[in-house]
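All remarks here apply to the structure that follows.
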Amino acid sequence: MAIEKVNTIVSTAVPLSIENVDTDQIIPARFLKATTREGFGENLFRDWRYDKAGATREDFVLNQDAYSGTILVAGKNFGSGSSREHAAWAIYDYGFRVVVSSFFADIFKNNSLNNGLLPVQVSEEFLQKLFTTIEGDPSTEILVSLPDQVIRISGTDIEESFEINPYKKECLLNGYTDIDYLISIKDKIEAYEMHRN
Amino acid sequence: MAGKTLFDKVWDAHVVEEIPGGPSVLYIDKHLVHEVTSPQAFAGIDARGMKVFRPENTVATPDHNVPTVDQHLTIHDELSRFQVNKLTENCENHGVPLYGLNHPYQGIVHVIGPELGITQPGMTIVCGDSHTSTHGAFGSVAFGIGTSEVEMVLTTQCILQPKPKKMRINVEGELRKGVTAKDIILYIISKISASGGTGYFIEYAGSAIRGLSMEGRMTICNMSIESGARGGLIAPDATTYEYIRGREFAPKGKEFDEAVSRWEQLKTDEGAVFDREITYDAADISPMITYGTNPGMGAKIEARIPTEADIEASGQNSFRKSLKYMGFEAGIPLEGIPVDFVFVGSCTNGRIEDLRTFASFVKGKKKADHVTAWIVPGSKQVEKQAIEEGIDRALKESGFELRQPGCSACLAMNDDKIPEGKLAVSTSNRNFEGRQGPGARTMLASPLTAAAVAVTGKVTDPSALIN
Ligand code: SF4
């Protein structure tokens with residue numbers, strides 16, 4: 001599956017200031033029965049967005065008109081728990097292209113990168129600054145530049161650089177996937193197998 | 001030259017290629033597949049018009065979605081049935097060995113791998129499931145992957161992975177009465193937190209770990225992911241070899257002896273360096289239980305739920321939210337909290353030893369009237385053995401019944417859902433909001449504690465009740 005290229009994103013953001021958001025919250029297990037990758041966005045944060053009768057929970061950020069955009073800003077240790085890639089699919093399918101947090105769970109980070117969803121890890125101080133700024137003025141735009149590896153509050157000089165593996169950066173900038181790379185080195189893999197036996 | 005860690009030895013032997021500035025291409029020996037995280041991967045491989053590269057190194061079983069009663073009937077939930085059938089169809093198309101529903105080897109992937117002798121020391125093992133870390137108990141490098149990676153392994157038997165950092169956790173000394181492997185790992189996670197292991201692969205060592213059975217070691221490695229770690233592993237020893245000997249896919253005869261001499265090399269060299277090392281005193285560990293909505297929120301059963309003053313500032317929001325969800329007040333004693341449900345099972349504690357522990361505790365006692373208990377074996381083989389050992393009858397006499405194998409209430413994808421607002425003491429591995437059903441409240445504990453709770457109907461420290 002090809003992924004969409006990622007470059008520079010400028011958007012308003014949705015602040016989800018909760019720590020340890022696990023993949024069971026992102027997409028509850030009962031919605032994992034689909035056999036395709038599409039449509040999971042509908043059930044993103046399902047039990048926080050809707051009550052058990054299906055009514056919208058007005059106090060949840062995704063349901064507040066003030067907040068919108070393609071950047072999700074979330075509390076520390078985002079995406080912990082299950083390896084379900086459905087979590088990354090749901091966030092992407094809902095319309096987010098970047099997730100910002102001060103800490104990501106490993107498998108979630110890999111899954112995001114494999115789907116063209118950019119995880120941006122920032123310091124706890126910067127994260128808190130983002131929360132206060134966005135909550136203070138929801139129309140604040142955030143700029144995320146993958147080429148420069150920088151995240152900035154637009155129109156200010158409040159910014160921070162972020163890390164990304166150089167190989168993964170290339171992949172995202174060009175829309176390459178790991179699987180294409182692995183298929184391209186299949187003779188090396190076979191040589192490895194021969195050599196082991 | 002500094003020595004190598006066990007993890008380095010296994011990892012390095014599987015590197016096909018290092019990408020400069022990037023991840024390693026890691027060769028995978030065994031790929032376990034289940035119905036939930038594989039359909040999109042098979043769809044990907046089909047779209048390319050390719051076939052599974054090494055079906056003989058792949059094994060599949062349905063577990064997450066299967067009912068735990070009346071397994072001989074068709075699955076009534078339409079979507080679940082479709083997903084399970086899809087797995088069968090995909091395995092048939094690609095020649096992947098499948099232990100389907102009603103097959104004598106069906107069960108939770110992480111239970112059947114070891115019990116069939118598929119899991120062996122020194123291997124790399126992956127599965128589209130975070131608890132693949134379980135297999136590390138045999139001295140293998142085993143970890144969970146996402147569906148895109150499942151597709152990579154199906155297609156090329158490799159994945160691209162950055163090499164994790166290394167941590168060693170030593171538990172030294174003798175365990176106190178009533179303290180089991182589950183308590184050790186809940187204790188460790190309560191100390192290092194639900195994210196303390198992120199970025200690491202953990203080696204568990206020390207005399208208390210060495211003294212555990214393979215089942216106990218699997219429980220420990222299984223929950224490595226609950227600390228955020230990619231996986232955990234334990235050096236193989238005589239206990240490991242004895243467990244593997246004679247199992248279906250284990251090497252036999254002379255080959256077994258040769259394998260053992262290879263496996264004996266699989267230990268961390270003296271002087272090998274870890275990025276982080278922690279040592280705990282086994283005597284400090286008591287029977288543990290969780291009170292919140294992440295597995296790091298655990299405490300000694302004899303203790304009280306912490307108060308905000310005990311929690312660091314940035315975590316206070318989550319702490320409050322968590323207690324609100326659980327319906328608990330900060331600072332109250334854990335013992336005596338009334339419990340509605342008891343769940344024994346999952347890849348953490350659904351093995352024969354766990355059922356034995358539970359059954360021997362409840363023997364001669366009765367289930368508390370208001371408690372609903374689900375006792376779910378991890379596999380068909382565990383179920384069979386439990387019946388052969390008379391565990392099912394013993395359970396029945398005490399008011400319990402043995403169900404059929406599957407993941408069950410661990411993630412509540414099938415009908416085994418804890419009802420909204422009800423409180424369950426569970427031997428599984430996750431206490432997240434809604435994990436065991438929308439609105440369900442979960443406290444994680446050992447099978448021994450679960451047994452004590454099932455009998456008293458409230459949170460109970462089992463150590464006072466055993467001789
Ligand atoms: S028992 Fe629970 S944790 Fe284990 S594989 Fe099944 S759903 Fe996952």
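Neither the backbone nor the side chain of B:H64 comes within contact range of chain A; no heavy atom of the residue lies under 4.5 Å from a heavy atom of that chain. At a 4.5 Å heavy-atom cutoff, the contact between A:T36 and chain B is made by backbone atoms alone. Neither the backbone nor the side chain of A:Q128 comes within contact range of chain B; no heavy atoms are under 4.5 Å apart. In this structure, chain B has a heavy atom under 4.5 Å from the backbone of A:F104, while its side chain stays farther away. Only the side chain of B:I19 comes within contact range of chain A, judged by heavy atoms closer than 4.5 Å. At a 4.5 Å heavy-atom cutoff, A:E170 makes no contact with chain B through either its backbone or its side chain. Within the 4.5 angstrom heavy-atom criterion, no atom of B:E35 approaches chain A. Contact of A:Y167 with chain B is made through backbone and side chain together, with heavy-atom distances under 4.5 Å. If you measure heavy-atom distances from B:E226 to chain A, you find no contacts under 4.5 Å at all. Contact annotation for A:N110: only side-chain heavy atoms (C-beta onward) come within less than 4.5 Å of a heavy atom of chain B. In this structure, chain B has a heavy atom under 4.5 Å from the side chain of A:N77, while its backbone stays farther away. In this structure, chain A has no heavy atom under 4.5 Å from any part of B:N57. In this structure, chain B has no heavy atom under 4.5 Å from any part of A:K169. At a 4.5 Å heavy-atom cutoff, the contact between A:K188 and chain B is made by backbone and side-chain atoms alike. For A:P28, no part lies under 4.5 angstrom from a heavy atom of chain B. For A:R196, the part sitting under 4.5 Å from any heavy atom of chain B is the side chain, from C-beta outward, and nothing else.
When every heavy atom of A:H86 is checked against every heavy atom of B:V36, the shortest pair comes out as NE2-O, 3.6 Å. A:E19 and B:S318 get closest at one heavy-atom pair: CB-OG, 3.1 Å. What you find for B:S130 and A:S82 is that their closest heavy atoms are OG-CA, 3.7 Å. When all heavy atoms of A:T35 and B:Q40 are compared, the closest pair comes out as C-NE2, 3.5 Å. For the pair A:D106 and B:Y200, the tightest heavy-atom approach, listed with the atom from each and the gap, is OD2-N, 4.4 Å. Closest heavy-atom contact between A:Y192 and B:A13: OH-O, 2.6 Å.
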Derivation and outcome, side chain to side chain contact (heavy atoms under 4.5 Å, CB included), residues B:Y27 and A:E193: CA-CA 9 Å; B:Y27 190 82; A:E193 287 179 323; 2.3 Å; yes
**Message:** side chain to side chain contact (heavy atoms under 4.5 Å, CB included), that's the test. Do A:D22 and B:N294 meet it? Break it down for me.
**Reply:** CA-CA 9 Å; A:D22 57 76; B:N294 78 60; over 6 Å; no
Q. After noting the C-alpha distance and the side-chain angles of A:N114 and B:E149, does the key distance pass the side chain to side chain contact (heavy atoms under 4.5 Å, CB included) rule?
A. CA-CA 8 Å; A:N114 283 332; B:E149 293 166 317; 3.8 Å; yes
Which is it for A:I183 and B:M50 under the side chain to side chain contact (heavy atoms under 4.5 Å, CB included) test, yes or no, and what are the steps along the way? CA-CA 11 Å; A:I183 292 171; B:M50 295 178 74; 3.9 Å; yes
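Side chain of B:E433 to main chain of A:Q25: no donor-acceptor pair is present (N/O by atom type, distance under 3.5 Å, no hydrogens or angles). A:K33 places no side-chain N or O within donor-acceptor distance of the main-chain N or O of B:N65, the cut-off being under 3.5 Å. Judged by distance alone, with hydrogens and angles left aside, the side-chain atoms of A:K186 form a donor-acceptor pair with the main-chain N or O of B:T155 at under 3.5 Å. A donor-acceptor pair under 3.5 Å links the side-chain atoms of A:E85 to the main chain of B:S148, judged by distance alone.
Counting non-hydrogen atoms of other residues, nucleotides and ligands closer than 6.0 Å to NZ of B:K422 gives a total of 12 or fewer. Sparse packing is recorded around NZ of A:K129, with 12 or fewer heavy atoms of other residues, nucleotides or ligands lying under 6.0 Å away.
Of the listed residues B:F53, B:F143, B:F42, the one with more heavy-atom pairs under 4.5 angstrom with chain A than any other is B:F53. Counting heavy-atom pairs under 4.5 Å between each of A:E190, A:K168, A:E124 and chain B puts A:E190 at the top.
Of residues 151-165 of chain A, those residues with a non-hydrogen atom less than 4.5 Å from any non-hydrogen atom of chain B are, in numerical order, A:N165.
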